[in-house]
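Single-structure report; data block below.
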Amino acid sequence: SVMVSVVNQHNYNNPSQAVKKNFLIAEPFPHVVLDNFLDTRIANKLLVEHQSQGDSKSWGAYNHFNERKSGITKYDMMGETTKAVIDELSSQSFLNWLEKLTGISGLISDPDLDGGGLHMIEKGGFLNVHVDFLAHTTKRNWSRQLNLLLYLNKDWNPEWNGALEFWDKSMTKPIQKIQPLFNRCVIFNTCEGSYHGHPNPLSCPANVQRRSLALYYFRDEGEIQPLSPTNYAARPNDSWLKGRLISADRKALGLYTMLKRYCGLRDGLVQKILKKL
């Protein structure tokens with residue numbers, strides 16, 4: 001199948017009992033880290049396409065107090081390999097595999113790539129620690145279940161502050177720090193208390209970017225899910241002022257999410273508004 005040609009065979013065998021158990025008991029919330037996730041040739045092509053998207057001007061900007069990154073969610077703007085990988089990781093056979101791995105049934109991929117797609121963070125960029133939105137913005141019956149992050153960074157230096165941090169539920173300390181290494185895939189449960197991010201600004205050289213592909217998986221609950229926008233949280237050593245600003249930004253984002261769900265407000269417009277603020 002195409003799947004075998006895109007995803008490395010050793011990742012696509014039925015997940016063993018050990019791998020499944022490790023996912024479920026992982027701290028501070030269920031997750032798994034899979035290295036050499038894609039066939040290496042495919043991963044290399046994916047990186048080339050990611051780089052060929054040009055500089056951040058051609059990307060949508062997520063610039064507000066809690067994050068500074070660029071993203072492309074429009075499937076049509078992506079290269080052929082990128083589309084093939086997204087198609088494969090959205091296919092029923094991959095969803096079946098994810099269900100076996102995680103024990104979550106009824107998974108669906110997101111055709112809108114809402115908040116997902118290609119992500120790029122440049123020097124000085126960051127993503128404050130947060131729990132992701134737990135319900136799809138426009139598909140009102142869908143609850144968010146899983147994140148899949150695929151990193152595309154060769155020769156990554158851990159001193160550049162790009163590690164993905166998983167924090168404990170009470171936001172006292174990071175429990176895991178996962179380096180965003182080339183062709184490394186991180187799959188984790190999106191749930192109350194799944195705090196993650198990379199809150200320290202990137203200190204990489206100006207010609208280096210932290211690149212990834214992000215896909216989110218949902219489940220249709222058959223009834224309207226309450227909107228729970230991205231919940232950013234302050235770290236223990238953050239100043240009082242920073243805590244207040246994180247909170248204010250979180251409220252603004254909540255308002256935007258409501259407008260997006262109930263008034264059909266578009267991301268592009270919102271990005272412009274957030275930039276002004």
Side-chain angles (χ1 to χ4, degrees), residues 1-8 11-15 19-20 23-24 26 29-34 37-38 42 46 60 71-78 80-119 130-151 185-194 196 212-231 256-258 260-262 264-267:
S1 74
V2 190
M3 171 52 100
V4 176
S5 66
V6 171
V7 174
N8 236 334
N11 284 311
Y12 197 56
N13 297 332
N14 267 343
V19 171
K20 289 198 289 214
F23 176 86
L24 291 172
F29 44 82
H31 70 270
V32 67
V33 178
L34 300 168
F37 183 67
L38 298 182
I42 301 274
L46 195 61
I72 293 179
T73 57
K74 291 193 179 73
Y75 181 82
D76 303 343
M77 286 176 66
M78 298 175 189
E80 291 314 305
T81 301
T82 308
K83 286 179 181 170
V85 169
I86 291 173
D87 291 350
E88 207 47 75
L89 300 182
S90 307
S91 69
Q92 194 53 55
S93 58
F94 189 72
L95 293 174
N96 294 345
W97 179 83
L98 276 178
E99 290 181 1
K100 285 196 189 96
L101 169 72
T102 63
I104 300 169
S105 58
L107 289 174
I108 19 190
S109 56
D110 179 17
D112 300 346
L113 296 176
D114 188 13
L118 305 179
H119 289 164
H130 63 286
V131 173
D132 286 305
F133 53 90
L134 298 176
H136 196 285
T137 316
T138 52
K139 295 182 171 55
R140 299 180 188 185
N141 289 358
W142 287 18
S143 67
R144 173 104 161 245
Q145 296 293 327
L146 291 173
N147 273 20
L148 182 152
L149 303 176
L150 177 64
Y151 291 109
C185 178
V186 184
I187 298 168
F188 63 92
N189 205 184
T190 312
C191 51
E192 297 279 346
S194 59
H196 65 282
S212 58
L213 169 68
L215 297 174
Y216 307 141
Y217 299 89
F218 295 83
R219 188 167 65 189
D220 188 338
E221 305 292 1
E223 58 183 15
I224 291 183
Q225 298 299 296
L227 261 184
S228 57
T230 304
N231 182 15
Y256 150 51
T257 309
M258 281 183 69
K260 200 168 153 186
R261 175 176 279 195
Y262 297 111
L265 201 64
R266 301 198 59 79
D267 273 352

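Only heavy atoms go into these numbers, but all of them, side chains included; no hydrogens, no water, no symmetry mates.
- Annotation: the span from S194 atom OG to L134 atom CG amounts to 7.0 Å, rounded to 0.5 Å.
- Legend: residues meeting salt bridge (charged side-chain N to carboxylate O under 4.0 Å, His left out) with D110, ordered by chain and number and at least two apart, are absent.
- When all heavy atoms are compared, the tightest approach of G222 to N141 is C-ND2, 3.7 Å.
- Put simply, the side chain of V85 does not reach to within 4.5 Å of the side chain of T82, judged on heavy atoms.
- Annotation: the span from Y75 atom OH to L113 atom CG amounts to 9.0 Å, rounded to 0.5 Å.
- Residues satisfying the side-chain contact (heavy atoms from CB on, under 4.5 Å) test with E80, not counting sequence neighbours, are E49, K83.
- Cation-pi geometry between R144 and Y217 is not satisfied (NZ or CZ under 6.0 Å from the ring centre, within 45° of the ring normal).
- A 4.5 Å side-chain heavy-atom check between L46 and L150 finds at least one atom pair inside the cut-off.
- Looking at residues two or more places apart in sequence or on another chain, you find no ring-ring contact (aromatic ring centres under 6.0 Å, His included) involving H119.
- Residues satisfying the ring-ring contact (aromatic ring centres under 6.0 Å, His included) criterion with F133, sequence neighbours excluded, are absent altogether.
- Side-chain contact between L149 and L215: absent, with no pair of heavy atoms (C-beta onward) separated by less than 4.5 Å.
- You'll find the side chain of V32 reaches within 4.5 Å of the side chain of L101, heavy atoms only.
- Contacts of T257 classified as side-chain contact (heavy atoms from CB on, under 4.5 Å), with partners at least two apart in sequence or in another chain: T137, L227, P229.
- For F218, the ring-ring contact (aromatic ring centres under 6.0 Å, His included) criterion is met by H136, W142, not counting sequence neighbours.
- For D87, there are no salt bridge (charged side-chain N to carboxylate O under 4.0 Å, His left out) partners two or more places apart in sequence or in a different chain.
- Residues F37 and I42 are not in side-chain contact: their nearest non-hydrogen atoms beyond the backbone lie 4.5 Å or more apart.
- For the pair L118/M78, a side-chain contact is recorded, criterion being any heavy-atom separation below 4.5 Å from C-beta on.
- Of the candidates Q225, E221, R219, S143 forms a side chain to side chain donor-acceptor pair (under 3.5 Å) with just one, namely E221.
- Between I104 and N189 the shortest side-chain heavy-atom distance falls below 4.5 Å.
- Residues forming a side-chain hydrogen bond (donor to acceptor under 3.5 Å, both in side chains) with D220 (at least two apart in sequence, or on another chain): none.
- Looking at every heavy atom in both residues, L95 comes nearest to L107 through CD1-O, 3.6 Å.
- The side-chain hydrogen bond (donor to acceptor under 3.5 Å, both in side chains) search around T230 returns none, not counting sequence neighbours.
- Nearest heavy atoms, T73 versus G116: CG2-O, 3.3 Å.
- Using a 4.5 Å heavy-atom threshold, the side chains of H196 and N147 count as touching.
- Not counting sequence neighbours, E192 has no partner by the salt bridge (charged side-chain N to carboxylate O under 4.0 Å, His left out) test.
- With sequence neighbours excluded, no residue forms a side-chain contact (heavy atoms from CB on, under 4.5 Å) with P226.
- The pair K139-D114 does not count as a salt bridge, with every side-chain nitrogen at least 4.0 angstrom from each carboxylate oxygen.
- For the pair Y216 (side chain) and G115 (backbone), a donor-acceptor distance under 3.5 Å is present.
- Scanning all heavy atoms of the two residues, the minimum distance from Y151 to S212 falls at CD2-CB, 3.8 Å.
- Under the side-chain contact (heavy atoms from CB on, under 4.5 Å) criterion, A26 pairs with H31, not counting sequence neighbours.
- Atom CG in L98 sits 10.0 Å away from atom OG in S109 (nearest 0.5 Å).
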